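Report on the structure given below.
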Amino acid sequence: ETAKLDEVIALLKENPQTEVAITGYADAATGTDERNMELSEERAENVAAAIKAAGISADRVKVSFKGSRENPFDTPEKNRVAICVVAE
């Protein structure tokens with residue numbers, strides 16, 4: 001959702017020491033393990049690219065992806081991308 005991403009970008013701009021950890025996920029009920037890993041990577045990288053395009057330094061953006069091996073939420077719609085703000 002763009003509004004949430006805009007909030008994260010604003011927070012990062014206001015707090016130059018803050019970093020984000022972006023983790024991509026995919027729905028365990030659909031797709032193969034291989035495709036879900038690719039999809040989760042694409043999702044995380046797309047969010048990271050949007051943050052970097054907004055002027056946030058790449059060294060403040062950490063990306064990982066879990067495929068469908070981990071689903072932290074109960075509904076597939078929520079298991080897309082998680083953004084964790086890491087403040088020092």
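Values in this document were obtained by computation on a predicted structure and should not be read as measured data.
No more than 12 heavy atoms of other residues, nucleotides or ligands shown are found within 6.0 angstrom of NZ on Lys78.
In terms of heavy-atom proximity, Arg43 sits nearest to Val81 at CB-CG2, 3.5 Å. In plain terms, the two heavy atoms of Gly67 and Ser40 that are nearest each other are N-OG, 2.9 Å.
Separation of atoms CG (Leu12) and CD (Glu7) is listed at 12.0 Å; rounding is to 0.5 Å. Put simply, CD on Glu41 and CG on Asn46 are 10.0 Å apart, with the number rounded to the nearest 0.5 Å. Taken from CD in Glu70 to OH in Tyr25, the straight-line distance is 5.5 Å, to the nearest 0.5 Å.
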Requested in this report: Under the side-chain contact (heavy atoms from CB on, under 4.5 Å) rule, what do Val61 and Glu19 come out as? Steps first, then yes or no, please.
Outcome: CA-CA 6 Å; Val61 181; Glu19 298 178 352; over 6 Å; no
Requested in this report: Let me see the working for Met37 and Arg69 under side-chain contact (heavy atoms from CB on, under 4.5 Å), right down to the final yes or no.
Outcome: CA-CA 9 Å; Met37 192 60 77; Arg69 293 190 181 104; 2.4 Å; yes
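Residues Lys62 and Ile22 fail the side-chain proximity criterion, which asks for heavy atoms closer than 4.5 Å. When side chains are defined from C-beta on, Ile83 counts as touching Leu5, because their heavy atoms get closer than 4.5 Å.
Paired with Val20 under the rule side-chain contact (heavy atoms from CB on, under 4.5 Å), one option of Ile51, Ile56, Ile9, Val63 passes, and it is Ile51. Of the listed residues (Cys84, Ser64, Pro72), just one forms a side-chain contact (heavy atoms from CB on, under 4.5 Å) with Thr23, and that residue is Ser64.
Under the side chain to side chain contact (heavy atoms under 4.5 Å, CB included) criterion, Asp27 pairs with Ala29, Thr30, Asn71, Pro76, Arg80, sequence neighbours left out. Residues satisfying the salt bridge (Lys or Arg N to Asp or Glu O under 4.0 Å) test with Arg35, not counting sequence neighbours, are Glu38, Glu42.
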